[in-house]
Amino acid sequence: MNGGANASNNAAAAMEERFADVCKRKLVLDESTTRQAMQLFKETKIILLSSMSSLGSGSPEEIERSWCACVLYCVSKLGNAGKAKEDRGITLRQILRAFDLKIVDFFKEMPQFCIKVGFILTGLYGSDWEKRLELQELQANLVHLCSLGRHYRRAYQELFLLNDGKPANNSSELNVQQASEYYDFGWLLFLVLRNQASSAVKNLLTSTTELVSVLAVLIIHIPVRLRNFSIEDSSCFAKKSDKGVNLIASLCERYLTSEDELSKALQKTNILIKGILKKKPCSDVSECQQGSLSFIDPEGLTFFKNFLEEDSLKSSLQVLEKEYVNGLDTKGELDARMFANEEDSLLGSGSLSGGALKLPGTKRKYDDVMASPTKSTASRAPMSPPRFCPSPNGNSFCNSKMAPFTPVSTAMTTAKWLRSAISPLPSKPSGELLRFFSACDKDVTDDITCRAAIILGAIFTGSSFGERMCTSLRNTSGMDAIWTEQRKMEALKLYYRVLESMCRAESQILSGSNLTSLLSNERFHRCMIACSAELVLATHKTVTMMFPAVLEKTGITAFDLSKVIESFVRHEDSLPRELKRHLNSLEERLLESMAWEKGSSMYNSLIVARPTLSAEINRLGLLAEPMPSLDAIAVHHDISLGGLPPLPFHKQPDEVRSPKRACTERRNVLVDNSFRSPVKDVIKSKFLPPLQSAFASPTRPNPAAGGETCAETGIGVFLSKITKLAAIRIKCLCERLQLSQQILERVYSLVQQIISQQTALFFNRHIDQIILCCIYGVAKISQLALTFKEIIFSYRKQSQCKPQVFRSVYVNWPSRSRSGKIGEDHVDIITFYNEVFIPTVKPLLVDLGPGTSPNRNNEPKSGGDAPFPESPRLSRFPNLPDMSPKKVSATHNVYVSPLRSSKMDTLLSPSSKSYYACVGESTHAFQSPSKDLNAINTRLNSGKKVNGRLNFDVVSDLVVARSLSDQNGGSAAAMAVFGTRTPVKGEQQDP
């Protein structure tokens with residue numbers, strides 16, 4: 001015992017010494033910063049030592065380096081005296097370099113670090129440490145920069161030659177060309193412009209517009225000999241007049257930007273060139289039109305003579321780099337110059353998924369990109385952008401009809417919808433909507449308009465976008481205030497548009513215009529406003545205002561919002577596919593964990609629908625707080641209502657008068673199969689309440705569901721959604737693990753029984769945590785040689801995977817726990833399995849042993865949670881069909897089907913980068929698959945053209961839903977329980 005304690009103390013002392021050495025020698029921190037860093041490290045080192053054996057945490061050395069980086073990042077953001085040498089802040093760039101850590105690895109560990117040491121950070125830095133840490137904002141900023149870097153690389157390659165036509169230095173790479181200093185200049189100009197113009201509200205749309213403005217500057221200033229296009233080519237620059245090519249309009253058409261916004265961005269770029277680079281515009285337009293401006297209409301453009309000549313270019317690069325480095329060190333952000341280089345960066349390989357950090361197209365190496373930013377341009381190598389392969393067709397800019405799908409192109413597509421479909425709408429309710437308002441028992445027009453002003457004012461206000469936004473609103477020319485007001489108006493118009501469509505549909509159901517119960521419901525309107533605002537924010541992809549921020553601003557919970565998502569999509573038929581996918585992903589997040597979190601209004605309904613769970617809900621303190629009043633929100637955010645009437649709102653009664661006509665099913669209104677919700681059409685119509693009962697008081701009887709309460713109906717719908725989502729994830733993970741259909745059915749049956757009989761196991765947890773434990777438990781009870789290590793390894797490949805799912809599981813130890821601990825804690829998945837999961841579900845597991853049917857026991861166990869009528873009935877695993885192959889030719893037997901995720905790993909392995917799989921006979925003997933594909937394309941193109949994209953939504957959600965509802969695969973066989981020893985030991989190795 002003493003020997004083990006001494007070894008642990010020695011290990012802790014050695015780690016502390018190494019950390020202190022990095023602080024003093026590598027980072028050269030001052031005494032104050034070093035003292036704060038050492039204090040945080042000493043207070044957390046015990047947690048660090050306990051994390052060394054956690055499942056999936058990596059080697060001890062990797063864990064230590066990641067932990068130290070997290071400690072220093074917290075000190076740099078939260079400490080009052082976080083200053084390094086020369087009075088500059090500690091940047092993340094310096095921290096990562098000091099600990100030889102990639103940014104992807106850092107963001108994998110940082111959320112887990114915050115969970116484990118959150119109580120320590122609260123004690124040292126206050127309860128608002130998480131907000132001040134700005135971790136989510138930094139993640140979003142990195143994703144945006146990665147996307148913008150790829151967008152810039154592709155655009156530059158299309159527009160310009162990569163050098164003066166000289167061969168590359170490396171003779172073994174004859175087809176690869178190095179980018180020139182012009183490439184470096186364009187990216188640096190954009191970074192400086194982005195830091196100045198978007199310092200308060202950074203968003204992907206504004207940044208993309210600024211990047212296009214830089215392209216416009218490059219087009220008219222880079223020597224004509226380096227152009228990869230012909231300005232007279234109409235396919236490149238389609239917008240022309242008698243004066244020549246309208247460059248701004250042509251670029252807007254090409255990159256889906258707004259002409260007005262691009263013109264403003266170009267003005268800012270020109271001001272930056274005149275102010276920082278000290279360049280003077282050319283006064284003689286006719287002289288300029290003889291060179292780079294030939295055949296270009298000069299209206300709206302500013303030309304700087306000799307701006308990018310060789311001598312001027314080098315000096316401009318030095319000035320821009322100095323300007324960017326000064327801003328970089330004072331703001332403490334990551335060095336964004338590396339994003340112009342696809343290969344030379346610290347981003348690392350791979351990506352974080354499941355809502356953490358997704359870096360599109362990352363193929364990174366950790367080299368010396370983090371060299372001291374104080375080095376001059378002349379003393380360092382160029383930015384070394386990625387090596388491009390020239391297009392075999394020559395002019396790729398002109399020949400490319402359509403940009404590939406990227407985060408940037410997706411954002412520009414959704415922004416175009418917002419500009420064309422929503423912005424032209426009036427900012428007030430239409431005449432038809434006003435008639436619905438006035439048809440209520442009391443005219444609710446003033447209530448609705450005043451509420452919208454308050455809630456949207458709370459969302460789109462300076463405080464919503466952080467301290468930098470508040471400072472900017474006070475100190476700048478007001479551009480940021482204009483931006484927030486524009487976004488506010490877009491959300492308001494979208495809210496009124498969808499609300500009108502919903503009212504129209506509800507009035508058809510009720511055969512009347514009196515929608516009092518719906519239009520007077522406070523929670524319903526806040527959910528609608530939150531959904532509208534979230535779509536606007538998602539379109540612009542803001543850095544500082546990301547989901548679930550709208551929930552906090554509106555005073556609603558994730559469970560509330562989940563009630564309107566599908567209806568919102570159904571009643572806005574013009575919603576772009578990208579935004580439908582965004583709402584779909586939000587709904588999955590709400591179902592998998594957010595609705596189960598402490599403070600969710602789901603528990604307020606569950607305690608009514610399931611009284612036996614009230615004791616556990618109250619013990620854990622899970623009930624939601626009352627919604628903040630509109631008065632409180634208006635005061636908190638200092639919202640001025642202008643000419644609007646005073647607040648007319650009063651506390652809503654618990655019971656809302658039901659309409660005289662019973663609510664009926666309304667599934668035929670604007671069904672859109674492209675919204676592949678995990679919850680659509682899950683259960684029978686009597687359990688699917690219209691919006692009125694969905695937002696009614698939990699204790700109110702539901703006339704459409706045989707007299708049960710609205711809470712019972714709502715919880716039944718919610719748990720059925722959980723069942724379907726679980727079924728989809730179980731199938732995908734079991735396929736990866738290559739488990740048999742019988743095992744899959746047993747896992748699904750166990751999850752069903754837990755949902756029905758041991759619902760409390762989901763409280764404050766992620767449904768994937770329950771699924772992982774079920775797979776391991778069923779494998780052990782079925783005597784399969786499957787380890788937790790293998791399960792986690794496969795789970796990591798799931799798109800929704802987050803490391804904290806298996807590293808940090810919530811537990812609330814009772815007073816008599818086997819571990820001897822008391823109170824709240826977070827443990828790894830194996831500890832949770834042994835200490836909580838097995839004691840709870842052991843009887844259910846034993847019933848699933850060999851020789852028993854997976855649906856043998858449909859009745860609840862004595863002592864368990866008694867089921868209620870809305871619980872999903874246990875059944876065999878439903879038949880969830882894959883997307884069927886689609887025939888793409890009327891005359892040839894050619895079918896195409898989407899690639900299944902379970903096959904993706906094999907096809908995209910490092911040794912094989914094939915994205916296609918050919919099955920069947922070759923079109924010619926001894927012919928390669930690539931030639932077969934060319935032959936297939938030739939045959940298809942020779943026939944009748946098929947317009948539009950291939951649509952694989954041939955398996956409707958209704959088909960999937962019916963397979964989930966009330967399936968009884970025959971009578972359960974009454975067979976003896978096969979005795980087995982319940983597993984309690986798990987593997988601790990790193991997968």
Side-chain angles (χ1 to χ4, degrees), residues 592 596 719-737 739-763 765-784 786-788 790-792 794-795 805-806 809 829-830 832-867 871-878 880 964 967-969 972-973 975 977-984 986:
E592 69 184 12
W596 297 100
L719 293 183
S720 294
K721 295 175 180 182
I722 297 295
T723 302
K724 179 178 178 182
L725 182 59
I728 295 171
R729 294 190 175 180
I730 289 169
K731 181 177 181 181
C732 187
L733 189 52
C734 287
E735 283 182 349
R736 287 190 185 276
L737 292 167
L739 300 178
S740 66
Q741 180 68 21
Q742 183 185 35
I743 299 299
L744 183 147
E745 290 184 2
R746 287 177 177 172
V747 173
Y748 176 67
S749 178
L750 181 58
V751 172
Q752 275 191 305
Q753 292 183 70
I754 293 173
I755 291 174
S756 176
Q757 301 176 34
Q758 298 292 345
T759 315
L761 206 57
F762 285 88
F763 291 178
R765 298 188 181 106
H766 195 291
I767 69 167
D768 287 356
Q769 294 167 342
I770 308 302
I771 292 173
L772 293 174
C773 289
C774 287
I775 291 177
Y776 183 71
V778 169
K780 287 300 181 183
I781 212 77
S782 304
Q783 302 177 359
L784 295 181
L786 181 65
T787 66
F788 240 128
E790 294 169 327
I791 295 173
I792 297 301
S794 295
Y795 176 70
V805 168
F806 53 85
V809 188
I829 190 76
I830 292 179
F832 168 73
Y833 177 87
N834 291 332
E835 301 292 337
V836 179
F837 183 82
I838 282 299
T840 303
V841 305
K842 182 176 180 179
L844 303 178
L845 260 178
V846 171
D847 288 343
L848 291 176
T852 60
S853 172
N855 62 336
R856 175 177 180 266
N857 292 304
N858 287 346
E859 297 301 325
K861 301 295 178 185
S862 59
D865 299 332
S871 296
R873 296 180 61 188
L874 304 183
S875 63
R876 293 187 179 275
F877 190 86
L880 296 177
L964 281 164
Q967 289 191 10
N968 290 315
M975 304 181 69
V977 176
F978 185 85
T980 183
R981 185 175 70 87
T982 304
V984 295

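Numbering of residues begins at 1 and proceeds along the displayed sequence. Every heavy atom of this structure was used, including side-chain atoms; hydrogens, water molecules and symmetry mates were not.
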Practice item. Starting from the C-alpha separation in whole Å, work towards a yes-or-no answer on side-chain contact (heavy atoms from CB on, under 4.5 Å) for Leu739 and Leu744. Key: CA-CA 7 Å; Leu739 300 178; Leu744 183 147; 5.8 Å; no
Exercise for review: Decide yes or no on side-chain contact (heavy atoms from CB on, under 4.5 Å) for Phe832 and Ile770, but give the supporting numbers first.
Suggested key: CA-CA 10 Å; Phe832 168 73; Ile770 308 302; 4.2 Å; yes
Point to revise | Least distance between heavy atoms, Ile775 atom then Cys734 atom | key: CD1-SG, 4.4 Å
Point to revise | Trp596 vs Thr759 side-chain heavy atoms within contact, under 4.5 Å | key: yes
Exercise for review: May I ask you to test the Val747-Val778 pair for a side-chain heavy-atom distance under 4.5 Å?
Suggested key: yes
Check your understanding: If only atom types and distance count, is the side chain of Glu735 paired as donor or acceptor with the main-chain N or O of Cys732 below 3.5 Å?
Key -> no
Review point. Heavy atoms, side chains only, cut-off 4.5 Å: are Ile754 and Phe837 in contact?
Key: yes
Review point. Given side chains that start at C-beta, do those of Phe788 and Tyr833 come closer than 4.5 Å, heavy atoms only?
Key: yes
Practice item. Apply ring pair (Phe, Tyr, Trp, His ring centres under 6.0 Å) to Tyr795 and list each qualifying residue two or more places apart in sequence or on a separate chain. Key: none
Exercise for review: Check whether any side-chain N or O of Ser749 sits under 3.5 Å from a backbone N or O of Glu745 as a donor-acceptor pair, and report yes or no.
Suggested key: no
Point to revise | Validation row: Val751, Thr723 side chains within 4.5 angstrom (heavy atoms) | key: no
Check your understanding: Would you say the side chain of Asp847 lies within less than 4.5 Å of the side chain of Pro843, judging by non-hydrogen atoms?
Key -> no
Practice item. Evaluate the criterion side-chain contact (heavy atoms from CB on, under 4.5 Å) for residue pair Val809 and Val836; output intermediate values, then yes/no. Key: CA-CA 10 Å; Val809 188; Val836 179; over 6 Å; no
Review point. Just by distance, do the side chain of Glu790 and the backbone of Thr787 share a donor-acceptor pair under 3.5 Å?
Key: yes
Review point. Looking at residues at least two apart in the chain, or sitting in another chain, which of them share a side-chain hydrogen bond (donor to acceptor under 3.5 Å, both in side chains) with Arg729?
Key: Glu588, Glu592, Asp768
Practice item. Evaluate the side-chain proximity of Ser740 to Ile743: yes if any heavy-atom separation is below 4.5 Å, no if none is. Key: yes
Exercise for review: Nearest 0.5 Å please: distance from the CD atom of Gln741 over to the OH atom of Tyr748.
Suggested key: 12.0 Å
Review point. Which value, rounded to the nearest 0.5 Å, describes the distance between Arg746 atom CZ and Leu750 atom CG?
Key: 11.5 Å
Check your understanding: If you round to the nearest 0.5 Å, how far is CG of Leu761 from CD of Gln769?
Key -> 10.0 Å
Check your understanding: Hey, what do you get for CD1 (Ile829) to CD1 (Ile791), rounding to the nearest 0.5 Å?
Key -> 9.5 Å
Check your understanding: Rounded to the nearest 0.5 Å, what separation is found between the CD atom of Glu835 and the CD1 atom of Ile830?
Key -> 12.0 Å
Check your understanding: Which distance, rounded to the nearest 0.5 Å, do you find between the CD1 of Ile730 and the SG of Cys774?
Key -> 7.0 Å
